[in-house]
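Hydrogens, waters and symmetry mates play no part in the numbers below; they use all other heavy atoms, side chains included. These numbers were taken from a predicted model, which means no experiment stands behind them. Reminder, nothing fancy here: chain letters follow the sequence lines and each chain counts from 1.
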Amino acid sequence: MTLAVQQLAFGYPDHRVGDDLCLTINPGEVLCFLGPNGCGKTTLFKTMLRLLTAQDGNITIDGEDISRWPQQRIAQTLSYVPQQHDAYFPFTVMEVVLMGRNAYIGLFASPSHRDHDIAWQALENLKIEHLSDAVYTHISGGERQLTLIARALAQQTKLVIMDEPTANLDFGNQVLVLNAIQRLARSGITIIMSSHDPDHAFHVASRVALLKDGRLTGLGKPEEVITQESLRELYGVEVGVVEFDTDAGHAAKLCVPQID
Amino acid sequence: MTNHTHTVHRKQNALNSRIGISLALLVVLVVVSFMVGKFDVSLRDLITVLWARVRGASHDLPPVIDTVIFQIRMPRVAAALVVGAALSAAGATYQSLFRNPLASPDILGVSAGAGLGAVLGIALALPVGAIQMMSFVFGLATVFAVYLISRAVRGHDPILVLVLAGVVIGALAGSCISLLKYLADPYDELPAITFWLLGSLNAVSREEMLVTLIVVVVGIIPLVLLRWRMNIMSLGDEEARALGVHTGRMQMLFIGAATLITAAAVSISGVIGWVGLMIPHIARLLVGPDFSRLLPMSMLLGAAYLLCIDDIARTFAEIEIPLGILTALLGAPFFLWLLARSKRGWR
């Protein structure tokens with residue numbers, strides 16, 4: 001599925017965040033948005049998910065304008081892994097993942113055996129099946145993030161939008177989540193994500209979009225777009241980008257901030 | 001996969017069995033409630049009378065026992081069950097929907113509005129049935145007013161506005177009640193008003209009981225049908241929409257149903273606080289937050305609790321103790337204990 005954004009203006013009713021945004025996201029790619037806090041990443045994602053109304057321009061999926069799609073169809077096409085998840089009730093991990101099946105379950109129905117199986121496969125896929133009975137409010141931040149990714153998998157959409165999936169995670173959990181993203185991408189799911197760490201874009205992204213004040217300032221392959229100049233412009237700090245050979249023998253890049 | 005299905009089933013069975021145990025306890029409590037009171041009825045007599053009624057035959061016990069069981073205790077026990085279950089079902093709904101531990105059937109001003117209707121009815125010296133009708137209509141009208149206000153005020157978190165509007169309208173209704181009390185005849189009307197506002201089940205007739213039961217059932221049906229959707233609603237508006245729920249309609253439906261139930265209950269019982277706040281908490285501790293278990297468990301516990309309270313109210317002292325006083329006396333310390341016990345208050 002191809003998601004295209006044309007001349008999109010997005011924001012809140014009394015506050016426009018971004019303007020004139022054009023972007024095409026191709027099937028199977030991992031597009032990573034980079035940009036400082038408040039640049040409009042979350043607002044853009046919410047507009048793509050139609051949680052916010054597009055103020056101008058349009059969003060199409062395979063050429064079809066989604067602005068009139070029923071909520072259910074959106075949920076069968078795009079799934080959302082939100083940034084901060086305030087857990088209110090002590091649902092089990094399995095119960096949370098089952099909620100991903102919502103768009104396929106009749107109005108008065110409850111999850112069927114098949115829904116349970118799909119949810120279980122999602123847990124297996126992310127190697128967290130041992131958590132199925134654990135209480136969502138009691139597990140670690142990384143496990144919660146993986147649970148929400150499993151929920152998105154159970155939603156069985158071709159496109160997954162992840163808002164800073166590695167935020168507030170310790171290093172080990174960040175790697176776990178990046179691995180999960182890589183695995184999803186290999187299974188053919190298109191991923192639109194944001195990150196606060198440009199290195200994460202090097203690790204998993206096939207393309208990078210730089211967003212500043214609601215406008216795209218760069219778009220392309222991570223090695224081409226993430227440079228000393230673009231990072232200076234984006235974040236206002238000096239960051240060197242170094243190239244090195246990995247143990248596996250291919251070239252990789254990393255960002256090294258310059259500390260006085 | 002069979003393995004996981006197995007574990008899941010075992011766990012669900014364990015939780016379902018808790019609902020079963022509660023049901024059994026409730027049945028025992030109902031039997032006891034028929035036996036205790038100013039006029040003691042032994043278990044043997046109770047069985048004899050009920051069995052005779054079932055067979056359509058007569059029995060050789062004094063006829064006063066029939067009166068006590070069928071005319072006095074049956075409507076009262078039924079009212080306690082229905083009001084307790086109704087307030088708890090509404091409380092569970094509001095708490096899940098608003099994701100707020102302090103949400104209760106009173107939160108949108110239902111009780112205050114229903115109270116105002118009843119007090120007005122008493123002040124106008126209307127018959128009992130009309131007073132209940134007034135309280136029902138005023139309860140619904142209050143929530144409708146709250147809803148209209150929350151629609152008119154835009155640009156804020158809609159649920160926050162809804163709750164705040166409920167508090168404001170509730171306070172307004174409260175001051176109107178105070179005014180009516182001030183103007184009321186202190187020998188005749190004022191005691192009736194005070195008594196009604198403290199909650200009681202002693203004046204419930206069979207007909208009123210039946211009407212209330214029907215309205216409560218009508219309100220519970222959508223809650224039962226949409227029990228799984230409620231789980232998704234409890235994630236919050238944005239996530240529920242991202243998962244494909246039409247949250248606006250769904251919210252209206254849940255609030256409407258819970259309000260209908262509350263107004264129906266309050267119209268026959270008067271204001272009984274704490275039940276709808278406290279019982280869903282206990283139910284959640286016992287069976288978890290899944291609404292398909294939380295709803296029946298809340299209703300069972302709420303019915304049992306109010307029945308127990310009403311038994312105490314009519315047997316503890318020479319005069320009847322108003323229910324609202326008892327539920328507050330027991331509810332407030334229990335709630336504090338609950339808060340102290342769990343770190344995050346309600347998890």
Side-chain angles (χ1 to χ4, degrees), chain A residues 12-14 45-46 49-52 70-82 85-92 94-96 98-111 113 115-117 119-121 123-124 129 132-133 135-138 148 151-152 154-155 157 161, chain B residues 1-5 7-12 14-15 92 95-101 154-155 221-222 224-250 253 280 284-285 287-294 342-347:
Chain A
Y12 297 88
D14 50 353
F45 287 175
K46 285 184 179 172
L49 287 153
R50 232 190 44 187
L51 298 174
L52 291 169
Q71 204 67 48
Q72 194 175 10
R73 185 163 174 205
I74 301 247
Q76 289 172 352
T77 312
L78 284 160
S79 55
Y80 181 37
V81 179
H85 193 255
D86 300 320
Y88 295 92
F89 291 110
F91 286 109
T92 65
M94 189 61 176
E95 282 168 342
V96 172
L98 274 172
M99 291 184 196
R101 301 296 302 156
N102 179 68
Y104 303 94
I105 293 172
L107 187 59
F108 299 140
S110 294
H113 279 293
D115 294 316
H116 275 95
D117 288 346
W120 183 256
Q121 277 163 18
L123 290 175
E124 280 184 332
E129 61 269 32
S132 71
D133 281 343
V135 175
Y136 182 78
T137 44
H138 294 169
L148 291 181
R151 188 181 75 185
Q155 212 169 326
T157 57
I161 294 182
Chain B
M1 206 152 299
T2 43
N3 214 354
H4 106 264
T5 320
T7 1
V8 167
H9 280 177
R10 210 170 44 211
K11 196 168 174 245
Q12 281 177 349
L15 294 177
Q95 285 179 10
S96 291
L97 194 62
F98 296 156
R99 288 168 290 143
N100 190 329
R154 293 197 166 272
I221 286 171
V224 172
L225 288 176
L226 295 166
R227 60 195 181 279
W228 190 71
R229 285 302 186 288
M230 176 57 102
N231 294 339
I232 302 205
M233 292 300 289
S234 73
L235 297 176
D237 191 66
E238 219 161 55
E239 263 190 88
R241 275 200 290 154
L243 290 170
V245 178
H246 254 291
T247 51
R249 286 180 215 165
M250 203 64 96
L253 193 62
R284 202 176 292 111
L285 285 177
V287 295
D290 182 353
F291 202 68
S292 55
R293 280 190 291 267
L294 182 65
S342 45
K343 264 177 277 166
R344 297 296 297 270
W346 62 325
R347 285 188 180 158

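Chain A forms the most heavy-atom pairs under 4.5 Å with one residue out of Thr247(B), Val224(B), Leu225(B), Leu226(B), and that residue is Leu225(B). Interface summary for chain B: among Asp14(A), Leu107(A), Leu49(A), Val135(A), the most heavy-atom pairs under 4.5 angstrom belong to Leu107(A). With chain A as partner, the option from Arg229(B), Met250(B), His246(B) having the largest number of non-hydrogen pairs under 4.5 angstrom is Arg229(B).
When side chains are defined from C-beta on, Pro82(A) does not count as touching Glu238(B), because their heavy atoms never get closer than 4.5 Å.
Atom CG of Leu98(A) is separated from atom CG of Asp290(B) by 9.5 Å, given to the nearest 0.5 angstrom. The CZ atom of Phe89(A) sits 9.5 Å away from atom CG of Asn231(B), with the distance rounded to the nearest 0.5 Å.
There is no contact between Ala152(A) and chain B, counting heavy-atom distances below 4.5 Å. Heavy atoms of Arg50(A) lying under 4.5 Å from chain B belong exclusively to its backbone. Of the two parts of Phe91(A), the backbone and the side chain both hold a non-hydrogen atom closer than 4.5 Å to a non-hydrogen atom of chain B. Contacts of Ser79(A) with chain B are absent, with no heavy-atom separation under 4.5 Å from either backbone or side chain. Neither the backbone nor the side chain of Ile161(A) comes within less than 4.5 Å of any heavy atom in chain B. Heavy-atom distances place both the backbone and the side chain of Arg241(B) under 4.5 Å from chain A. Within the 4.5 angstrom heavy-atom criterion, no atom of Ile74(A) approaches chain B. With a 4.5 Å cut-off on non-hydrogen atoms, Thr157(A) does not touch chain B at all.
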Please lay out, stage by stage, how Trp228(B) and Asn102(A) fare under the test side chain to side chain contact (heavy atoms under 4.5 Å, CB included).
-> CA-CA 9 Å; Trp228(B) 190 71; Asn102(A) 179 68; 3.7 Å; yes
Determine, step by step, whether Leu243(B) and Met99(A) satisfy the side chain to side chain contact (heavy atoms under 4.5 Å, CB included) criterion, reporting the C-alpha distance in whole Å, the side-chain angles of both residues, the deciding distance to 0.1 Å, and the verdict.
-> CA-CA 8 Å; Leu243(B) 290 170; Met99(A) 291 184 196; 4.3 Å; yes
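Taking both residues in full, the closest heavy atoms of Ala75(A) and Ala242(B) are given as CB-O, 3.6 Å, listed atom of the first, atom of the second, then distance. The shortest heavy-atom contact between Gln71(A) and Val245(B) is CG-O, 3.6 Å.
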